[in-house]
There are 2 protein chains.
Amino acid sequence: MSTAELKEAREIFIECLKSRGLRYTTQREAILETFLSSVKHLTVEDLYNIVRQRHVDIGYATVHRNMKFLVECSIADEIKIGNDKARFEKHFGQDHHDHLICLKCGVFIEVHDSTIEMLQNKLAADNEFIPQRHKLEIYGICRQCR
Amino acid sequence: MSTAELKEAREIFIECLKSRGLRYTTQREAILETFLSSVKHLTVEDLYNIVRQRHVDIGYATVHRNMKFLVECSIADEIKIGNDKARFEKHFGQDHHDHLICLKCGVFIEVHDSTIEMLQNKLAADNEFIPQRHKLEIYGICRQCR
DNA sequence: ATAATAATGATAAGCATTATCATAACTTTA
DNA sequence: TAAAGTTATGATAATGCTTATCATTATTAT
């Protein structure tokens with residue numbers, strides 16, 4: 001994530017906090033920046049361990065709480081696979097939540113197909129259903145693991 | 001589920017058990033039949049409570065264990081939404097795993113679209129990914145809850 | 001019948017998530 | 001600036017679902 005994007009995300013976060021009368025603390029800043037600079041899909045524990053490098057005394061609960069909050073602010077999305085720990089990824093905007101998930105190495109590949117999106121909406125409409133969000137996960141074997 | 005289908009599922013189950021040197025017990029029969037005659041997507045707890053009506057002394061662990069086993073035998077599919085309890089539905093065969101899920105009443109509507117399936121496979125192929133199974137969930141508001 | 005194997009049922013353990021709460025930090029008000 | 005009010009934090013307990021353990025029971029094979 002570029003410096004500009006990071007700055008924008010921070011502003012969205014601060015705005016989201018402000019609108020609820022909440023504060024932009026050093027912990028929140030550290031969590032946000034750690035999250036934004038991460039490449040992979042990290043768990044709360046992963047993030048906790050990284051944030052502690054710069055903010056020694058931060059608590060697990062604080063990281064957990066604020067990751068949930070980043071989701072509410074539409075900065076992060078939470079991914080849950082089975083009973084595994086939740087993982088977090090950057091939010092891409094409406095309807096960009098598709099993943100190819102490798103059953104061997106566990107890698108998440110992000111993908112998008114607007115025709116599928118369109119058909120999903122049609123599928124919902126055919127059932128008189130008002131779609132709000134969706135989740136598409138394709139499990140299989142990635143190129144590296146073949 | 002018709003009597004014929006029930007009979008077929010039972011035979012698949014028995015076959016699957018046999019191939020592993022396992023037994024078709026009265027508990028397994030009760031669990032299978034309860035599961036097959038259920039209309040909704042039930043949790044282990046739901047199934048446990050229903051099975052107990054006919055098999056008073058059955059244990060929760062037995063129901064849990066055997067529902068997992070039905071999944072392995074491809075008779076049932078497990079559905080996990082967030083941190084909710086797992087729910088089970090009848091297995092429909094390859095690639096029929098799509099759901100419209102109402103955010104108000106929680107109802108699961110089963111849907112299928114072969115064009116989407118096809119596009120999913122294309123999406124995987126474009127990423128040199130070998131798909132094995134997938135999960136598509138569309139969250140929104142159902143007709144009744146509108 | 002006896003030995004061997006598997007299944008069951010009760011319960012404990014495991015684990016991720018969430019709630020609680022005393023203390024600390026920050027903001028607002030006077 | 002001091003006091004009062006509000007929110008955040010961090011440690012830990014509680015919760016809840018899933019899974020493991022194990023003694024006992026049931027079934028199968030010898």
Side-chain angles (χ1 to χ4, degrees), chain A residues 13-35 41-73 76-88 106, chain B residues 13-35 41-73 76-88 106:
Chain A
F13 190 32
I14 292 172
E15 197 47 52
C16 186
L17 289 164
K18 240 182 210 165
S19 71
R20 309 184 188 206
L22 305 180
R23 298 164 189 161
Y24 188 58
T25 61
T26 56
Q27 287 93 334
R28 284 185 171 142
E29 182 178 28
I31 293 166
L32 175 70
E33 291 189 358
T34 299
F35 166 67
H41 298 83
L42 303 181
T43 64
V44 171
E45 193 182 0
D46 296 334
L47 290 159
Y48 170 62
N49 287 324
I50 298 169
V51 174
R52 261 200 306 182
Q53 290 171 14
R54 79 153 88 168
H55 207 298
V56 184
D57 295 326
I58 203 165
Y60 187 92
T62 300
V63 178
H64 175 271
R65 224 176 346 230
N66 284 297
M67 286 314 300
K68 288 282 179 185
F69 195 63
L70 285 176
V71 172
E72 277 187 52
C73 296
D77 285 320
E78 186 175 343
I79 309 165
K80 277 282 290 184
I81 305 293
N83 294 320
D84 295 351
K85 289 185 186 182
R87 290 178 177 276
F88 297 87
Chain B
F13 190 32
I14 292 173
E15 197 49 51
C16 184
L17 290 164
K18 239 182 209 165
S19 72
R20 309 185 188 206
L22 306 180
R23 298 162 189 162
Y24 188 57
T25 62
T26 56
Q27 287 92 334
R28 284 187 170 141
E29 182 178 29
I31 292 165
L32 175 69
E33 291 189 358
T34 298
F35 166 66
H41 298 84
L42 303 180
T43 63
V44 171
E45 194 183 359
D46 295 335
L47 290 158
Y48 170 62
N49 287 323
I50 298 170
V51 174
R52 261 200 305 182
Q53 290 170 14
R54 76 152 90 171
H55 207 299
V56 184
D57 295 326
I58 204 165
Y60 187 92
T62 301
V63 179
H64 175 271
R65 224 173 350 228
N66 284 297
M67 286 314 299
K68 288 281 178 185
F69 195 64
L70 285 176
V71 172
E72 278 188 50
C73 296
D77 286 319
E78 186 176 344
I79 309 165
K80 279 280 291 182
I81 305 294
N83 294 320
D84 294 351
K85 289 185 185 179
R87 289 178 178 276
F88 296 88

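So you know, we letter chains A, B, ... as the sequences are listed, proteins then strands, and number each from 1.
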Nucleotide nearest A:K80 (side chain, heavy atoms from C-beta), chosen from C:dG9, C:dT17, C:dT18: C:dT17
With heavy atoms of chain B within less than 4.0 Å as the criterion, where does contact along DNA chain D begin and end? D:dC17 to D:dT28
Length of the NZ-P vector between B:K68 and C:dA7, whole Å: 18 Å
Take the protein atom CD of B:E29 and the nucleotide atom P of C:dT8, then report the distance between them rounded to whole Å. 12 Å
Test item: A:F35 and A:V51 side chains (from C-beta on) under 4.5 Å apart, heavy atoms: no
Nearest heavy-atom contact between B:A86 and B:E78 is CB-OE2, 3.3 Å
Residue list, side-chain contact (heavy atoms from CB on, under 4.5 Å) with A:I14, at least two apart or on another chain: A:R10, A:Y24
Residue list, salt bridge (charged side-chain N to carboxylate O under 4.0 Å, His left out) with B:R87, at least two apart or on another chain: B:D46
Could you work out, with salt bridge (charged side-chain N to carboxylate O under 4.0 Å, His left out) as the rule, every residue matching A:R52, not counting sequence neighbours? none
5' precedence on DNA chain C between B:G21 and B:T62 (nearest-nucleotide basis): B:G21
5′-ward residue of the pair A:H64/B:R28 relative to DNA chain C: B:R28
Closer than 3.5 angstrom, by distance alone: can the side chain of A:R28 be matched with the main-chain N or O of A:R23 as a donor-acceptor pair? yes
Under a 3.5 Å distance rule, please check whether B:K18 uses its side chain to pair with a backbone N or O of B:L22 as donor and acceptor. no
How does protein contact run along nucleotides 21-30 of chain C, one letter per nucleotide 5' to 3', with B for base contact, S for sugar-phosphate only, - for none, heavy atoms under 4.0 Å? ----BBS---
Short side-chain N/O contact from B:N83 to OP1 or OP2 of C:dT18, under 4.0 Å: yes
Interatomic distance, A:I79 atom CD1 to A:H41 atom NE2 [nearest 0.5 angstrom]: 4.0 Å
Go through A:L42 and A:T34 one step at a time and tell me if the side chain to side chain contact (heavy atoms under 4.5 Å, CB included) criterion holds. CA-CA 10 Å; A:L42 303 181; A:T34 299; 5.5 Å; no
Test side chain to side chain contact (heavy atoms under 4.5 Å, CB included) on B:Q27 and B:H55 and set out the steps. CA-CA 7 Å; B:Q27 287 92 334; B:H55 207 299; 3.8 Å; yes
When the C1' atoms of the five terminal pairs at each end define the local axes, what inter-axis angle does the helix from C:dA1-D:dT30 to C:dA30-D:dT1 show, to 10 degrees? 10°
Residue met sooner reading DNA chain D from 5', once A:R20 and A:H55 are mapped to nucleotides: A:R20
Check the orientation of B:F13 and B:F69. Use parallel for under 30°, tilted for 30 to 60°, and perpendicular for over 60°. tilted
